[in-house]
Amino acid sequence: MTGLPFPSVRADSRAPAGTVGLPDQLGRVARDLRVSVTDRCNLRCRYCMPAEGLPWLAKPEMLTDDELVRVIGVFVGLGVQQIRLTGGEPLLRRSLVDVVRRVARLEPRPRIAMTTNGIGLDRLAQPLADAGLDRVNVSLDTIDPQEFADLTRRDRLHDVELGLKAAAAAGLTPVKVNAVAMRGINDHSVADLLQWCLDRGYELRFIEQMPLDAQHGWDASTMISAQEIHERLEERFELTPLPAADRGSAPAERFLVNGGPVTVGIIASVSAPFCAACDRTRLTADGQVRNCLFSQKETDLLGPLRDGASDEELGALIQGEMWRKLPGHGIGTADFVQPDRPMSAIGG
Ligand code: SAM
């Protein structure tokens with residue numbers, strides 16, 4: 001799949017009257033909602049943010065808890081079955097436990113997952129699990145303290161380790177670890193990270209670095225590709241691919257490690273995109289709906305919501321945004337333009 005718009009996809013059109021759920025013009029249906037609950041973060045990962053951070057959203061520009069839960073409820077009414085809370089760093093939203101509790105009361109109850117850097121999870125894993133959080137992905141790119149500090153510009157590896165332990169103890173399982181490899185920083189230690197995860201029962205997934213950094217410093221020629229990660233892991237482990245049919249809309253290609261049952265995932269978001277099977281939709285902390293990480297446009301819900309829009313009206317806006325979803329992200333094509341918002345402000 002390339003990112004070139006199909007002639008049949010009209011990027012300015014509205015969903016036809018009577019549309020049910022969240023389909024697009026190519027027959028994909030969104031069922032997985034990524035919600036950024038804050039754009040702030042307490043790490044400064046080099047592939048994501050500059051050292052000085054970013055101008056954060058002011059509180060009045062952000063959805064309040066009531067607004068957030070209401071909008072998530074509208075998505076659930078449109079067929080969304082899984083909510084993934086992310087950011088920024090979701091644990092920095094003070095009301096997170098309460099938000100999870102309220103989302104878990106929606107009917108039909110969605111599955112609730114979270115992507116976090118794990119800092120503070122030692123304290124929050126159990127309250128979040130009690131509130132209804134089902135699963136967690138913790139981002140961890142290296143288990144070498146010096147590499148960690150170099151990559152994230154913060155000396156917090158120990159906090160992440162405590163967070164991971166607490167997540168497992170709270171039953172937020174399988175605990176998944178997400179890693180990005182950067183050339184010259186942690187690319188030589190990907191096999192160490194896999195061994196570390198195997199020893200602790202965490203399921204590791206590597207993801208290719210994408211052009212979503214605030215500094216616009218991404219460079220295709222230096223990106224560590226899925227193929228390269230695979231080769232480096234194979235120097236130490238035997239990897240057996242799981243059947244492609246088991247993958248569904250999941251982005252990771254999974255491999256049994258040394259015959260299994262443990263697996264490792266590799267997500268080739270750039271070199272082998274999975275846009276044709278994408279079932280995602282996104283809501284930013286300031287109430288914008290995006291049909292793709294790489295969208296150039298988004299649909300505002302915050303304004304209409306504060307102007308008194310009904311759930312039906314909000315639903316129609318969300319359906320319109322999803323109907324316009326393009327076939328692919330287009331990275332690598334001549335007309336690809338990196339979106340204005342960085343990953344941390346969209347919600348990874
Ligand atoms: N703060 C949380 C965390 O660290 O998981 C959630 C937000 S973070 C943006 C979500 C995920 O996006 C993390 O796993 C991070 O490594 C990943 N990420 C950030 N920038 C990326 C990029 N340019 N390419 C690929 N992944 C990226």
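Ligands are counted one by one from 1 in listed order, and the atoms in each one are counted from 1 as well. Values reported hereafter were calculated over all heavy atoms of this structure, with side chains retained and with hydrogens, waters and symmetry mates removed.
Residue Tyr47 has at least one N or O atom closer than 3.5 Å to an N or O atom of ligand 1. Taking only nitrogen or oxygen atoms, main chain and side chain alike, Met210 reaches within less than 3.5 Å of ligand 1.
Taking every non-hydrogen atom of Ser139 and a distance limit under 4.0 Å, the qualifying atoms of ligand 1 come out as 3 (C), 4 (O), 5 (O), 13 (C), 14 (O). Those atoms of ligand 1 with a heavy atom of Thr116 less than 4.0 angstrom away are 2 (C), 3 (C), 4 (O), 5 (O). Less than 4.0 angstrom separates some heavy atom of Thr115 from each of these atoms of ligand 1: 2 (C), 5 (O), 6 (C), 10 (C). Near Gln209, meaning under 4.0 Å from any of its heavy atoms, are these atoms of ligand 1: 24 (N), 25 (C). The atoms of ligand 1 that sit less than 4.0 Å from any heavy atom of Thr86 are 6 (C), 7 (C). Close approach to Gly88 involves these atoms of ligand 1, each under 4.0 Å from a residue heavy atom: 1 (N), 2 (C), 6 (C), 7 (C).
Between the side chains of Asp130 and Gln126, at least one donor N or O sits under 3.5 Å from an acceptor N or O. Judged purely by distance below 3.5 Å, without hydrogens or angles, the side chains of Thr116 and Glu89 pair a donor atom with an acceptor atom.
Within the 4.0 Å heavy-atom shell around ligand 1 one does not find Cys45.
The main-chain N or O of Ala277 is never found under 3.5 Å from a side-chain atom of Arg28 such that the two would form a donor-acceptor pair.
Shortest contact from atom 12 (O) of ligand 1 to any protein heavy atom: Met343 CE, 3.4 Å. Among all non-hydrogen protein atoms, the one lying nearest atom 8 (S) of ligand 1 is Gly87 O, 4.3 Å. For atom 26 (N) of ligand 1, the closest heavy atom belonging to the protein is Val180 CG2, 3.6 Å.
Hydrophobic clustering keeps Leu151 apart from Trp196 (ILVMFWY residues linked when any side-chain heavy atoms are closer than 4.5 Å, directly or through intermediates).
Aromatic rings from Phe206 and His230 are positioned such that their centres are separated by 6.0 Å or more.
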**Item:** Test log, rule salt bridge (charged side-chain N to carboxylate O under 4.0 Å, His left out), inputs Asp39 and Arg341
**Value:** CA-CA 10 Å; Asp39 59 332; Arg341 281 195 199 244; over 6 Å; no
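The number of heavy atoms from other shown groups lying within 6.0 Å of NE2 (His188) is above 12.
Contact record, Asn291 with Lys325: O-NZ, 2.9 Å, taken as the closest heavy-atom pair.
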